[in-house]
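Let me begin by presenting the structure, written as structure tokens, before commenting on it.
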Amino acid sequence: MASVNSRSFESLKEENVEAGLRKPPESTEGRVVIDGLDVLHFIDFKWDAVSTQELCGHFTVTAKTCQPFGVLHGGITAFLAETLASMGAQVNANWARVAGIDLNVNHLLPVALGDELIVKATPLRVGKRVQVWDVKFTTPVKSPTSSTASSPKEFATTAVARLTLLVGLPAPEKARDGNEKLIAIAKAKNVELPPDERSGIMPSKL
């Protein structure tokens, strides 16, 4: 097993992961670190689950993600669909590079400024060369009859998306930064992801 410099784990501490690592791109040994998570940090996206079976998280719609009309911008929906589905496909492809070839998004309901939005990506087909992922967007329904904390929440589906991806492409070395951080996020949620053996990062060590 390849050894890993302990310095590599400073950014993988749970408090840093949960804080979003909202820093300018890092420079490590003369190279810029690009982990693919910067826009997620910008919209304050919080992870709820990361595994081979689902990637799920939530965020609150703010002025940063709104149209001038005070509702969520559809581009954010498309971005989240492609991002979570692509990450899930990469995990299932043993960290090989993936490339989206078709994205379809249906917007069903507007999401207003201040509303919470939950995003969940699940695999529909996991093949050796092609994967298909479904992504569902929901928001809690505000009901005057369920004001207590113990009341079960109802959710409205605001959008659905489907992404088809090519998988198994050669992965560039620079992709390992994002792989390491996604493994750490999953570890913080008590999930062991497959290791990125190319980078020497083993989930049992995180």
Side-chain angles (χ1 to χ4, degrees), residues 1-5 8-9 11-12 16-17 20-21 23-43 45 47-57 75-105 119-136 161-189 191-206:
M1 182 188 305
S3 62
V4 180
N5 190 315
S8 302
F9 294 99
S11 64
L12 304 185
N16 289 339
V17 172
L21 301 172
K23 298 183 295 183
E26 304 170 18
S27 179
T28 302
E29 299 176 355
R31 65 183 179 86
V32 175
V33 175
I34 303 174
D35 57 25
L37 302 175
D38 285 344
V39 178
L40 293 177
H41 303 332
F42 176 74
I43 68 172
F45 183 86
W47 290 100
D48 296 320
V50 176
S51 72
T52 57
Q53 296 303 309
E54 69 169 335
L55 280 82
C56 182
I76 298 296
T77 305
F79 162 78
L80 287 168
E82 179 134 9
T83 298
L84 268 65
S86 295
M87 288 178 172
Q90 191 182 16
V91 170
N92 279 279
N94 294 319
W95 303 107
R97 183 177 179 178
V98 303
I101 56 175
D102 183 74
L103 174 63
N104 179 270
V105 183
V119 190
K120 183 176 181 180
T122 55
L124 181 63
R125 172 181 169 78
V126 178
K128 292 182 179 180
R129 294 296 297 169
V130 174
Q131 291 189 30
V132 181
W133 282 69
D134 284 340
V135 187
K136 187 175 182 179
R162 176 166 293 178
L163 179 66
T164 303
L165 308 101
L166 289 177
V167 301
L169 305 174
E173 176 65 19
K174 61 186 177 183
R176 66 183 174 87
D177 300 302
N179 298 349
E180 292 176 16
K181 290 180 181 179
L182 196 59
I183 289 173
I185 291 168
K187 183 68 174 180
K189 305 299 180 184
V191 174
E192 301 282 356
L193 290 184
D196 180 357
E197 295 177 339
R198 174 177 50 84
S199 68
I201 298 298
M202 303 293 288
S204 59
K205 295 293 184 179
L206 294 177

Open item on the list: Filter on salt bridge (charged side-chain N to carboxylate O under 4.0 Å, His left out), then keep only pairs touching residues 122-133, sequence neighbours left out; what's left?
Closed with: none
Task: side-chain contact (heavy atoms from CB on, under 4.5 Å) assessment of M87 paired with I185 - done: CA-CA 12 Å; M87 288 178 172; I185 291 168; over 6 Å; no
Task: Exercise: identify the closest heavy-atom pair between L169 and A99 - done: CD1-CB, 3.9 Å
- [ ] Check whether any side-chain heavy atom of F45 sits under 4.5 Å from a side-chain heavy atom of I76, and report yes or no.
- [x] no
- [ ] Grab the two heavy atoms, one from V130 and one from T164, that are nearest each other, plus how far apart they are.
- [x] CG1-CG2, 3.9 Å
TODO: Please report the closest heavy-atom contact between V167 and A93, naming both atoms and the distance.
DONE: CB-CB, 4.1 Å
Task: E180 side chain reached by I183 side chain, heavy atoms, under 4.5 Å - done: no
TODO: With the side chain counted from C-beta on, respond yes when F79 and L103 share a heavy-atom pair under 4.5 Å apart, and no when they do not.
DONE: no
- [ ] Starting at CG of N92, measure out to CG of L193 and round the result to the nearest 0.5 Å.
- [x] 9.5 Å
Task: Minimum heavy-atom distance A81-L163, with the two atoms named - done: O-CD2, 4.4 Å
Task: Point-to-point distance, once rounded to the nearest 0.5 Å, from CG of L37 to OG1 of T83 - done: 9.0 Å
TODO: Measure across A121 and V135 and return the closest heavy-atom pair with its distance rounded to 0.1 Å.
DONE: CB-CG2, 3.9 Å
- [ ] Return the minimal non-hydrogen interatomic distance between R97 and P170, and the atom names on each side.
- [x] CB-O, 3.3 Å
- [ ] Using a 4.5 Å cut-off on heavy atoms from C-beta on, say whether the side chain of L55 contacts that of V91.
- [x] no
Task: CA sep, side-chain torsions, deciding dist, call: L80, I43, side-chain contact (heavy atoms from CB on, under 4.5 Å) - done: CA-CA 10 Å; L80 287 168; I43 68 172; 4.0 Å; yes
Task: W133 CH2 to E82 CD distance, which is reported to the nearest 0.5 Å - done: 13.5 Å
Task: Full working for side-chain contact (heavy atoms from CB on, under 4.5 Å) between Q90 and N179 - done: CA-CA 9 Å; Q90 191 182 16; N179 298 349; 3.2 Å; yes
Open item on the list: Could you walk me through whether V50 and V191 satisfy the side-chain contact (heavy atoms from CB on, under 4.5 Å) test, starting with their C-alpha distance in whole Å, then the side-chain angles of each, then the deciding distance to 0.1 Å, before giving a yes or no?
Closed with: CA-CA 7 Å; V50 176; V191 174; over 6 Å; no
Open item on the list: The criterion is salt bridge (charged side-chain N to carboxylate O under 4.0 Å, His left out); which residues satisfy it with R162, sequence neighbours excluded?
Closed with: D134
